[in-house]
Amino acid sequence: MDQLANSNGSANDTEVDVVVIGSGFAGLYALHKLRNGLGLKVRSFDDASGVGGTWYWNRYPGARSDTEVTAYCYSFDRELFDEWKWTERYPRQHEILGYLNHVADRFDLRRSITFGTTIESAWFDETTNRWDIKTSKGERISAQFVVAGVGLLSSTNYPDIKGRDIFAGDVYHTARWPQEGLDLTGKRVGVIGTGSSGTQVIAEIAPQVGQLVVFQRRPQYSVPAQHGPIPQQVLAEIKADYDGYWESVRRSITAFGFAESDVPAMSVSEEEREAVFEKAWNIGGGFRYMFATFGDIGVDPAANEAAASFIRNKIKEIVKDPKTAEALTPHDLYARRPLCDDGYFATFNCDNVSLVDLQVEPIQEITPKGILTSAREYELDVLVFATGFDAVTGNYVKIDIRGRNGQKLRDEWSEGPRAHLGLAISGFPNLFMIFGPMGPFTNQPPAHEVQVDWIADAIEHVRRNSLGSIEVNRAAEDDWVSECNQIAHSTLFPKVDSWINGANVPGKPVSVMFYMAGMGAYVDRLEQVVANDYEGFAVGAPTV
Ligand code: N01
């Protein structure tokens, strides 16, 4: 093993084949595939002090996957799938982090990862066709390829609310929760934000805290997760046809591992529709509710309204105080990332929980004592920002990435990101992204595997043919960007502001950032590019 360590990526190598950025689901698999699979010399970097990516950072109470775990794991190793025993259908953060640590050990990945180290810059050198990479520790590494698994939802978003620094209590962001945990018993806690993170943390901490004040800007549609053990029958079916199951995940729209519906919502009677929604409500899962009930909730306004109105009625049934129920009820399109929760709406029936509707009383400032809205001051001991992320592009633009002619990625994306197939950028040769902009809008782990496998094949293609570089053509990228735009605008998602289109971060260009034709169509396109000898990509001769 030591010999292997010396030959293909140890922490002292400054000249490597590949630098992988990040050690979450994406980065770990990339390291495994490229180092253990292709035998390349690889070094990985992570600013965290351990593996896990999003599951390393998001340690807030209630944090767990809301994708059923039978599709929220790796598929590349059947033994790994069989040996790891998940306890729940939607595992909690510590269990997923345990799994990723197990993967790091099982495949001997840690020795190639430098933790606690940020990649500060990556500049492409056209004379050598290599990337010159600088780290926060002052190290310089030369790599032929860079593979970025920096996280879609990782760069934290703190809203610019006056006074954050003068609050006398403690301030936390859900995605930077203290490793040692927090004792919130009896405390007066304010939570700003009611997305996936907010709804989870709110429902979880309500029973512990003294008082919980939820500051809500826009209400959310959410359905129950219906936590519980993994149905044994589901596991047995997967194990009986392991390859067939994963192939069906990769050929589906969402890659969530359930059967999606192609029935138009308006093609059935109202009674039937309600029964379908009721059944999905009882089975649980946000993506299931949106994609397994009917095939057109994301595209047809009438279908969307039917799904939305069912949730609105449920909120009215669950929340006892009519004024609170109304404030919690969304009236816009059901076209943000679909949520599921663990008793979120019922939490507002607890005596110690109150809702502040920021549309009625906006926040004016944070004071030393708490939050001052236009109506009053709320005194707090702890303030939690569940305000999400500078999604998709945030972690890329933090790095000083420069491609051909010193072109800065930040400038290239100043009016919104551009990329080909969610994994390559014109003008930035030998740089690959895992789940970069214009990638599929799907469950991530299966998509990571598909992309990493494709990237590994592309790298292998360059090396096998003794080429120096591979780079997407501007024209191919233009076509993909316009296709992504066209597809997205045939759905309802761009009509609602959210992180999906960059609208959650003030000043960020609002733009299409996903390929919304589904995973199956995406896989077809990746295969087509390879079948046509890397159509749309230019390969360059090596430099000597
Ligand atoms: O972030 P969000 P998130 N004043 O952007 C509010 C994944 N994820 O961390 O709705 C007041 O969705 C904002 O208000 P509004 C998942 O993909 C998965 O919750 O924009 N409020 C919103 O309520 C998810 O979609 C899991 O009006 C402000 C909230 O903050 C994605 O990460 C768990 C504000 C942000 O919601 C992001 O989820 C967690 C301001 N100035 C995350 N600025 C699971 O798998 C923002 N807000 C379960």
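Throughout, residue positions are numbered sequentially from 1 according to the sequence presented. Just so you know, ligand 1 is whichever comes first in the structure, and atom 1 is the first atom listed for that ligand. Both backbone and side-chain heavy atoms feed into the values below; hydrogens, waters and symmetry mates do not.
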For a quick check: using heavy atoms under 4.0 Å, what are the residues in contact with ligand 1, sorted by chain and number? Tyr60, Arg64, Ser65, Asp66, Leu153, Pro159, Ile192, Gly193, Thr194, Gly195, Ser196, Ser197, Gln200, Arg217, Arg218, Arg336, Arg337, Leu358, Ala386, Thr387, Gly388, Phe389, Trp499
Could you tell me if Tyr56 and Asp46 have a donor-acceptor pair between their side chains, going purely by distance under 3.5 Å? no
Cation-pi, Tyr221 ring and Arg336 (6.0 angstrom, 45 degrees): no
Look at Arg312 together with Glu326 and state whether they make a salt bridge at an N to O cut-off of under 4.0 Å. no
So, Glu237 versus Tyr245: side-chain donor-acceptor pair below 3.5 Å or not? no
Pi-cation contact, Tyr90 with Arg92 (under 6.0 Å, within 45°): no
Test the Arg418-Trp413 pair against the cation-pi criterion, namely NZ or CZ under 6.0 angstrom from the six-membered ring centroid and within 45° of the ring axis. no
